Amino acid sequence: MNIIHKLQQRQSLWHRFLLLFVMGVFFTDFLIGTGVFYFIFLTEQTAWQGRQQEASASAAQHVTDFLDKFAQTLNTLSFLDVAYLEVHPEIMTDLLQQNSAAIELARFRANGTIIANAAQEEAVLNNFYTVPQSLWFRQALAGEFYNSPLQISAQDTPYIIISRSTRDGGVVAARLRMDVLWKVVSEIQFGQTGQAYIVNRDGLIVAHHNPKVVLNLTTIKERPELTALLQAPDNKWHGFYTNFEYLHVVGTTVAIPKTNWVIITELSQAEAFAVTWRAAFLLGGGMLLLSVAVIITGSRLIQRLVFLPLSQLQQGAEHFKQQDLAYRVVVVHEDEIGRVAISFNQMATELQQLYAGLEEKVAERTQQLEKIAADNAELVQEREATIIKLRAVDRAKSQFITLMSHELRTPLNAVLGFTELLMLGLSGELPAQAQNDVKLIYDNGQHLLNLINDILDLTQVESGQTHIMCEMVEVAPLIDEIITVAAGLVKIKGLEISAHIPAHFPPVYADRTRLKQILLNLLSNAVKFTEMGQISLKVDWADEAHARFRVVDTGIGISLDKQEFIFGKFQQVDMSDGRGHSGTGLGLSICKELVELHGGKIGVKSELGLGAEFYFTIPLSP
């Protein structure tokens with residue numbers, strides 16, 4: 001398929017058009033030829049069908065006349081007086097000799113006894129013992145005209161029995177020679193292969209030009225042509241079939257009146273449609289020659305009018321591709337393609353004019369681009385130098401903050417230590433007022449130490465100096481430890497604190513110290529902004545791979561417009577509400593950095609006045 005597709009792609013427009021043109025011409029010729037062939041076929045079929053029906057009707061009339069003539073003989077015999085017939089039995093012989101088709105004549109009384117008879121050969125009808133039981137006698141006695149099926153005598157003579165009632169209640173009967181009908185069907189002539197024969201409604205052939213067919217009791221019973229003619233109105237039918245002699249024929253049938261016989265005329269299909277096939281051959285050859293002439297003439301005309309100008313346009317495009325803008329396409333005719341060629345030449349002229357000043361513009365633009373590139377190079381160098389300076393300043397800032405934090409914590413720890421000694425009275429008992437002042441010094445010093453620790457932690461995280469040491473941490477013991485530490489924070493405010501963790505909760509993959517720091521920061525933050533009610537620490541599953549920790553309080557809550565800022569540095573929920581909650585504003589920022597170091601996420605859900613819920617996720621496994 002790929003090879004065929006590539007070949008189709010490589011075909012030129014001329015080849016495709018020629019292929020479509022040839023297909024169109026042949027298809028048109030095929031339709032015309034098929035129509036003419038079908039017309040000739042119908043015409044010839046109608047002509048032969050008319051001739052066959054005419055021959056069949058003529059034969060049917062001959063048979064009808066033959067039977068009517070013999071029926072008149074029987075009618076005459078039925079009206080003869082019985083007494084007169086007994087005295088002059090020679091009348092039967094005279095009637096027999098007057099009708100050459102008759103083999104035997106007989107007159108019977110109602111009881112079946114014979115009155116008179118005459119026969120050309122051995123009599124068959126005068127058997128007294130079988131006459132009353134014979135079907136021909138009983139039906140005639142009942143007033144019906146009887147016409148028997150074909151029978152063969154001992155002398156191999158085909159015959160039928162005809163009988164009818166007489167005016168005195170008796171029966172007159174005759175045996176009729178059927179070989180007379182053979183002459184009738186033999187004389188039917190149409191075409192070279194035409195033939196006719198007579199069959200009864202049971203399919204038995206009763207007359208044929210070949211006596212052996214009749215003598216052998218040949219039948220077409222259960223053949224399609226018999227079924228078709230029996231189903232046709234008045235047994236008049238026409239069709240194509242293979243007859244009992246295995247010949248492909250066209251057949252026509254006509255029923256013979258007053259009998260159960262049908263005459264069939266057949267003509268070989270080869271002869272019936274000989275003219276049609278000769279016409280098809282001549283027509284096909286003529287159409288083929290005409291098609292070739294049309295294709296050659298049309299293709300040359302189209303080649304000159306369409307594809308030659310298109311080829312010249314293609315040559316012009318190739319010259320343009322090679323930058324030969326001086327080339328011009330020759331305009332043969334000022335038709336649609338000619339107007340395209342004119343437009344093509346105008347475009348070439350315009351391009352040639354534009355190209356004349358293009359080199360100067362390119363050189364000018366090149367100089368401008370070189371200058372811009374030089375300016376950009378200087379800007380890049382300045383930007384890189386600025387980035388280096390900023391990184392140096394950032395490192396200096398981090399080093400300064402770290403150094404200052406250490407330098408401040410050393411004297412501050414000393415101050416807190418001596419203040420604690422004074423509070424314990426190890427240096428002597430202090431007055432009450434002095435104890436309060438020392439307590440105030442200790443509390444503010446402790447607050448200052450926490451501030452310095454937060455700043456140092458944040459600086460270490462930002463500078464990448466904070467490293468977490470993850471391990472599998474059991475959650476339930478850690479929560480118990482945190483609740484114990486946080487109990488002291490909530491006791492001062494009279495708040496309730498509780499923990500909720502599912503039974504058999506799996507361990508998490510975390511740095512135990514940093515996880516504890518995160519939870520204590522969130523709990524401390526909840527205590528700070530909750531005046532009454534309770535604080536809950538809850539643990540559950542965020543998904544199959546993460547645990548979720550939630551700190552829920554009943555505090556003042558956080559408005560929606562401030563929730564996006566609370567994880568920033570030095571940000572507090574109530575910085576502008578005048579409530580004066582102490583703190584550095586770094587706790588949530590540190591929590592966010594530590595959670596993200598673990599590969600988790602932190603967030604908040606809250607409404608102003610309805611408390612807050614801080615949550616974060618920690619992986620359950622590495």
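If you're wondering where the values come from, they're calculated on a predicted model, not measured in any experiment.
- Here the straight-line distance linking atom CG of Asp202 with atom CG of Asn260 works out to 7.0 Å at 0.5 Å rounding.
- Among pairs with a residue in residues 206-219, those fulfilling side chain to side chain donor-acceptor pair (under 3.5 Å) read Gln195-His209, at least two apart in sequence or across chains.
- In terms of heavy-atom proximity, Phe108 sits nearest to Val131 at CE2-CG2, 3.9 Å.
- With respect to Trp261, the side chain to side chain contact (heavy atoms under 4.5 Å, CB included) criterion is satisfied by exactly one of Val199, Asn235, Asn200: Asn200.
- When all heavy atoms are compared, the tightest approach of Ala547 to Val508 is CB-CG1, 3.7 Å.
- Ion pairing of Arg109 with Glu86 is present here, as a side-chain N (NZ or NE/NH1/NH2) and a carboxylate O approach within less than 4.0 Å.
- Judged by distance alone, with hydrogens and angles left aside, the side-chain atoms of Gln120 form a donor-acceptor pair with the main-chain N or O of Ala102 at under 3.5 Å.
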Pair Arg175-Leu125, side chain to side chain contact (heavy atoms under 4.5 Å, CB included): steps then yes or no: CA-CA 8 Å; Arg175 283 195 298 141; Leu125 300 176; 4.1 Å; yes

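- Atom OG of residue Ser165 and atom CZ of residue Phe137 lie 10.5 Å apart, to the nearest 0.5 angstrom.
- Put simply, CG on Asn117 and CG on Leu105 are 9.0 Å apart, with the number rounded to the nearest 0.5 Å.
- A distance of 6.0 Å separates OG1 of Thr227 from CD of Gln231, quoted to the nearest 0.5 Å.
- With values rounded to the nearest 0.5 angstrom, Tyr241 atom OH is found 13.0 Å from His248 atom NE2.
- Checked by atom type and distance alone, the side chain of Arg223 pairs as donor or acceptor with a backbone atom of Asn243 at under 3.5 Å.
- Judged as a salt bridge (charged side-chain N to carboxylate O under 4.0 Å, His left out), and not counting sequence neighbours, Glu144 has no contacts.
- Screening Phe145, Trp136, Tyr146 against Arg164 for a side chain to side chain contact (heavy atoms under 4.5 Å, CB included) leaves a single residue, Phe145.
- Judged by distance alone, the side chain of Arg201 and the main-chain N or O of Leu230 form no donor-acceptor pair under 3.5 Å.
- Looking at every heavy atom in both residues, Ala140 comes nearest to Val171 through CB-CG1, 3.7 Å.
- Atom CG of Leu226 is separated from atom CD1 of Ile220 by 4.5 Å, given to the nearest 0.5 angstrom.
- The pair Glu104-Arg177 does not meet the salt-bridge criterion, since no charged nitrogen lies less than 4.0 angstrom from a carboxylate oxygen.
- Of the candidates Val87, Thr166, Ile115, Ile115 is the only one forming a side chain to side chain contact (heavy atoms under 4.5 Å, CB included) with Val82.
- Residues passing the salt bridge (charged side-chain N to carboxylate O under 4.0 Å, His left out) test with Arg548 are Asp540, sequence neighbours excluded.
- In this pair, Trp541 and Phe505 present their aromatic rings tilted. The plane angle is within the 30 to 60° band.
- Using modelled atom types, no side-chain atom of Ser268 and backbone atom of Val249 make a donor-acceptor pair closer than 3.5 Å.
- The two residues Met472 and Pro622 come nearest to each other via the heavy atoms SD-CD, 4.4 Å.
- With sequence neighbours excluded, the residues forming a side chain to side chain donor-acceptor pair (under 3.5 Å) with Tyr159 are Gln151, listed by chain and number.
- Looking only at distances, no side-chain donor or acceptor of Ser78 sits under 3.5 Å from a matching main-chain atom of Val172.
- The heavy-atom pair separating Leu141 from Ala110 by the smallest distance is CD2-O, 3.8 Å.
- Partners of Tyr84 by ring pair (Phe, Tyr, Trp, His ring centres under 6.0 Å), not counting sequence neighbours, listed by chain and number: His88.
- A side chain to side chain contact (heavy atoms under 4.5 Å, CB included) with Leu229 holds for exactly one of Thr252, Val254, Ile264; it is Ile264.
- With sequence neighbours excluded, no residue forms a ring pair (Phe, Tyr, Trp, His ring centres under 6.0 Å) with His500.
- Here Arg107 pairs with Asp168 in a salt bridge; the nearest charged N to carboxylate O distance falls below 4.0 Å.
- Counting heavy atoms of neighbouring residues, nucleotides and ligands inside a 6.0 Å radius, atom CD of Glu90 exceeds 12 of them.
- Within 6.0 Å of atom CG in Asp234, 12 or fewer heavy atoms from other residues, nucleotides or ligands are found, so the atom counts as exposed in its surroundings.
- In this structure, the side chain of Thr617 engages the main chain of Lys601 through a donor-acceptor pair within 3.5 Å.
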Side chain to side chain contact (heavy atoms under 4.5 Å, CB included) evaluation trace for Glu266 with Tyr197: CA-CA 9 Å; Glu266 293 178 345; Tyr197 54 94; 2.6 Å; yes

Test log, rule side chain to side chain contact (heavy atoms under 4.5 Å, CB included), inputs Glu121 and Ile103: CA-CA 7 Å; Glu121 58 184 37; Ile103 302 175; 3.7 Å; yes

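- A cation-pi arrangement is found for Lys605 relative to Tyr615, the charged atom lying closer than 6.0 Å to the ring centre and inside a 45° cone about the ring normal.
- A side-chain donor-acceptor contact under 3.5 Å links Asn111 to the backbone of Thr113.
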From CA spacing to verdict: side chain to side chain contact (heavy atoms under 4.5 Å, CB included), Ile198, Ile205: CA-CA 6 Å; Ile198 300 174; Ile205 298 177; over 6 Å; no

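- Side chain of His238 to backbone of Gly251: a donor-acceptor contact under 3.5 angstrom is found.
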